[in-house]
Amino acid sequence: MSAWVPPRYAHHVPPRPGGVEQARVAIVGGGLVGLTAALDLARRGIASVLLDEDDTLSTGSRAICFSQRTLEIMGRLGIGQRFLDKGITWNRGRVFFRDREAYSFDLLPESGHEYPAFVNLQQYYAEQWLIEACEASGLVDLRWGSRVTGVVPRADGAALEVETRSGPYRLDAEWVLACDGVHSKVRRALDLPFTGQVFDDRFLIADVRMQADFPSERWFWFDPPFHPGQSVLLHKQPDDLWRIDFQLGRDADPEAEREPERVRARVAAMLGEGVAFDLDWVSVYTFRCRRLERFRHGRVLFLGDAAHQVSPFGARGGNGGVQDADNLCWKLAIVLQGEAPERLLDSYDAERIPAADENIRHSSRATDFITPKGSACRAYRDAVLELARDLPLARPFVNSGRLSQPAVLRDSPLNGPDEAPRAAPPGTACPDAPILRDGQPDWLLRQFGQGFLLLAREAHPVKMEGLRTVELRDSPRPGALHDHSGLAAARLGLAPGECALVRPDQHIAARFATTAPDPILAALRRARSL
Amino acid sequence: MSAWVPPRYAHHVPPRPGGVEQARVAIVGGGLVGLTAALDLARRGIASVLLDEDDTLSTGSRAICFSQRTLEIMGRLGIGQRFLDKGITWNRGRVFFRDREAYSFDLLPESGHEYPAFVNLQQYYAEQWLIEACEASGLVDLRWGSRVTGVVPRADGAALEVETRSGPYRLDAEWVLACDGVHSKVRRALDLPFTGQVFDDRFLIADVRMQADFPSERWFWFDPPFHPGQSVLLHKQPDDLWRIDFQLGRDADPEAEREPERVRARVAAMLGEGVAFDLDWVSVYTFRCRRLERFRHGRVLFLGDAAHQVSPFGARGGNGGVQDADNLCWKLAIVLQGEAPERLLDSYDAERIPAADENIRHSSRATDFITPKGSACRAYRDAVLELARDLPLARPFVNSGRLSQPAVLRDSPLNGPDEAPRAAPPGTACPDAPILRDGQPDWLLRQFGQGFLLLAREAHPVKMEGLRTVELRDSPRPGALHDHSGLAAARLGLAPGECALVRPDQHIAARFATTAPDPILAALRRARSL
Amino acid sequence: MKLRRDPNLSDPDALYAALMEAHRGLDEAASRRLDAKLVLLLANHIGDEAVLKEALDLARGTVPGQDAAPATD
Amino acid sequence: MKLRRDPNLSDPDALYAALMEAHRGLDEAASRRLDAKLVLLLANHIGDEAVLKEALDLARGTVPGQDAAPATD
């Protein structure tokens with residue numbers, strides 16, 4: 001299979017170079033997160049202008065592992081199936097220590113989900129599909145070759161200085177979503193501190209093209225014979241590509257390590273003699289774990305790597321950024337639509353800062369485990385790995401990356417009561433489940449749409465203003481979803497007569513023991529900061 | 001107070017130099033253990049010849065700590081009061097770590113014993129009193145200046161080659177008790193392996209004469225500022241003498257360390273400036289923990305250091321040797337008196353080898369704790385000491401010597417039934433307790449004499465052949481002991497109507513729920529190997 | 001009682017992180033003492049000599065794992 | 001549950017000796033792994049995070065002993 005050639009997009013030509021334009025929402029950065037935000041707003045009827053300094057997609061595998069929650073979000077945005085069709089589905093991980101397997105694990109042993117635990121996919125495919133969907137929506141003004149060179153925040157928005165090949169112009173936006181990555185120009189323009197822990201180890205990513213019969217699993221080696229003293233991670237991607245991450249240690253020379261012959265030698269040592277391969281992409285990186293103190297700064301909101309940076313272990317960068325967009329866009333949409341006050345956006349900080357901290361915590365811990373510093377850290381690390389083969393109790397300590405899970409927004413100010421606490425407390429992303437609709441197999445989350453929702457089991461709530469009702473029934477009934485397997489009720493922890501208020505981002509806002517409307521309407525108001 | 005001047009004893013002059021003499025029992029070695037054995041045999045009416053190459057007492061404090069069990073044995077032998085009158089009684093130990101106290105402990109918090117947990121006393125006093133008692137008995141032929149140069153074992157005894165100033169002679173003995181110490185000539189003559197663990201650390205003993213106001217306690221320093229990295233032990237003795245043990249480490253030069261000025265400097269660093277003191281005795285030593293494979297070799301029996309060597313931590317050398325004599329002499333006496341078969345002496349091995357192993361185990365562990373080798377041993381040692389001050393749980397781990405406790409002869413073949421198991425199972429040295437005899441305060445163990453004994457509570461056993469009966473009563477009764485405090489019954493665990501068979505060495509041989517004579521007489525036969 | 005061989009902690013990552021944090025910045029000897037203290041404190045808490053012996057044997061690798069099946073969970 | 005602060009072992013000397021014996025002959029790294037394994041095995045056995053935190057605090061010396069009285073027993 002020949003190498004994929006990325007599309008080139010036409011540079012934006014401002015109609016009045018040197019002039020001033022207006023936008024309700026400007027999104028800075030057309031990567032995974034910015035494009036997701038643009039499409040999510042579009043799905044809610046909100047138009048946006050997206051500015052990206054480049055004119056093509058990202059290169060290399062990058063955010064390779066797309067988590068179930070990200071896939072569900074992409075499903076809500078209408079492009080989930082493309083990930084399933086193209087991506088490499090995997091649920092199993094294997095951990096090796098020195099010359100033997102320490103153990104293996106299943107990420108999602110349970111069936112009954114539309115999406116698997118993870119699919120592997122080069123980031124550029126995801127970006128391409130998002131762009132196509134944004135273009136098809138008619139609500140996203142994609143401006144390529146548009147570099148933001150200045151940001152002046154104002155009470156009612158921000159003024160962006162934009163440079164293009166055809167000249168500069170000013171874009172006055174009511175809202176700015178900064179999705180411009182770890183080196184965010186918006187963040188720097190606002191001179192916001194971006195602080196945290198520095199890790200010294202260098203890593204090498206090699207995207208390798210070859211015919212190989214490794215299974216669709218995540219393989220992680222601690223201290224393998226072919227790369228002694230360091231770690232190696234192997235992932236399968238579509239198009240006969242394999243992503244390999246080599247830990248290089250602290251003293252590695254990044255220039256030398258990027259040399260193709262050196263990389264080829266490392267890969268050959270791993271694959272063994274006689275395995276033909278091509279290098280598709282190579283990168284040497286270090287990383288930090290850090291974040292902004294707040295993600296909302298008036299009318300400027302930071303998403304993804306622009307707001308927080310994590311280590312790559314755990315696939316928490318891309319997936320975390322997509323969840324930022326998922327969290328923010330419905331709020332911004334109903335604020336713009338006059339259905340909620342502006343202070344609703346403060347909940348973006350209240351919800352996504354703990355989520356970012358969780359991602360940073362998990363990825364920092366994984367980094368500490370993978371690159372132990374000092375004799376105690378190494379002793380514990382190796383002790384765990386030596387015990388893990390024979391003793392199940394040691395396996396939970398093995399940390400080759402805690403793979404991204406949807407954040408549970410436990411302490412959100414938007415959460416309402418939990419009248420019947422069982423599974424899925426307020427703040428949880430609603431679990432998917434198989435259902436029958438009119439006798440046809442379908443999935444629960446597909447029924448949710450883009451608005452607030454009351455999900456009731458074995459009950460028929462009265463009609464409430466601004467709230468769609470979905471009934472879950474244990475037996476077929478017209479107009480209701482048939483929970484034929486019982487999985488929906490079980491995963492949601494809904495007893496007959498109970499119901500749950502679900503937010504536009506599919507998170508549970510409150511749980512009720514009955515369908516009495518007053519507490520439900522109160523929770524709905526709370527979830528909109530009314 | 002002026003220094004004590006040891007007596008000199010007249011060298012033995014053999015009546016027929018070059019000739020042959022006979023003895024039923026020859027004891028080789030007139031130190032603490034040999035003298036105890038000679039006196040114990042004499043108390044049982046058995047005459048012995050005691051050979052000692054020297055003509056005086058031992059020098060220095062040596063076996064300084066005399067345990068409660070040893071004192072009880074000396075009490076049985078009639079000289080216990082001298083230890084109480086002269087010795088320094090102490091029950092409390094203090095442990096210091098670096099510059100502060102880690103904790104302190106009471107060895108015998110309970111009252112109601114004739115003898116305290118320990119008295120401190122220079123060994124030569126004990127030897128002197130034993131010699132006086134041996135001489136007074138008229139049954140011990142004390143031969144000073146008599147060196148054993150050869151031992152030829154025979155089926156019916158052993159031939160000893162003895163050298164004196166006045167010439168050699170041969171002593172044909174039916175039984176030989178080798179009490180000639182760690183460098184035993186008898187053991188070497190029989191070419192018996194004496195194996196075990198070697199410890200490399202050197203220690204310095206200094207007996208220091210001074211006026212000081214340290215209390216009568218055992219003080220142990222780990223890593224003190226005045227002797228960094230090493231341990232120091234301080235004990236008070238009579239006559240304003242203080243015994244100080246300095247750990248010197250593995251690389252110490254024994255000759256240099258014995259130099260008085262060097263010793264004085266060490267002591268001065270410990271006591272501080274301006275404390276006047278004299279050095280009374282100095283010794284530099286190393287030690288091993290080892291023993292003979294068996295202590296009985298036909299008609300030759302080994303006792304004390306000749307049989308087993310322990311580290312000095314725990315006062316298990318001298319006290320262990322005295323218990324050897326206590327264990328052996330009644331057996332040898334009744335064998336010689338025709339009341340038991342010779343095989344009874346096999347129980348000396350069966351009982352005292354486990355006791356020696358217990359002493360070796362405890363003293364080896366203490367040595368490992370006091371002189372940790374390797375980073376793990378030191379880490380645990382210091383961890384324990386750091387925790388001990390605040391956490392009671394850590395204190396049982398602190399091991400500055402596990403101070404000598406009487407061995408419990410649990411698995412002895414002489415033990416009979418334990419019909420009413422409570423406190424003091426068979427094999428235990430009978431605990432002392434206060435009693436009233438004819439209304440006068442006295443002690444339980446004082447009532448035991450030198451033979452077998454049946455101790456009954458609230459019962460009147462029938463008269464049995466070869467068995468004296470002692471009745472313990474809860475209220476005064478003529479001819480019975482009044483257990484007025486209840487301590488005797490409590491410590492023995494005797495319920496009304498129950499009784500215990502006590503051996504001549506005051507160890508409990510069997511326990512009975514009733515005073516029915518048949519099982520008691522069966523146990524008495526068993527205790528004599530009949 | 002037997003030593004638990006199944007995972008028995010609600011948040012093993014938090015414990016592991018707390019252990020690493022406790023060792024951070026200690027010199028080698030202090031770090032060793034910390035582990036020694038932990039072993040002693042936890043062993044005393046458990047108190048059951050059979051459990052402790054089993055743990056010691058497993059830590060030394062002198063007892064084969066009872067999990068003879070392929071190591072998966 | 002609280003961490004036991006009272007002596008709770010029937011034979012602490014035997015445990016201590018077994019620990020020393022287990023470390024005997026190990027090189028430094030193996031000796032450290034042995035302690036680490038013990039900590040993890042015992043911690044998992046206990047399972048109670050509050051107890052483990054208390055042990056960790058005590059081992060670090062970050063909590064004053066609750067035994068404010070003179071340290072005697």
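Protein chains get the first letters and strands the later ones, always in sequence-line order, with residue 1 at the start of each.
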Exercise. Above 12 or not: heavy atoms from other molecules or residues under 6.0 Å from CZ of A/R98?
Worked result: yes

Seminar exercise, completed: Closest non-hydrogen contact found for D/R33 with A/A383 is O-CB, 3.8 Å

Exercise. Chain D heavy atoms under 4.5 Å from A/A394: which part of the residue, side chain, backbone, both or neither?
Worked result: neither

For this session: Evaluate whether atom CD of A/E293 has more than 12 neighbouring non-hydrogen atoms of other residues, nucleotides or ligands under 6.0 angstrom away.
Result: no

For this session: Report yes if the side chains of A/L391 and D/N44 come closer than 4.5 Å at any heavy-atom pair, otherwise no.
Result: no

Exercise. Would you find more than 12 non-hydrogen atoms of other residues, nucleotides or ligands less than 6.0 Å from A/D251 atom CG?
Worked result: no

Exercise. In this structure, are over 12 heavy atoms from other groups packed under 6.0 Å from D/K53 atom NZ?
Worked result: no

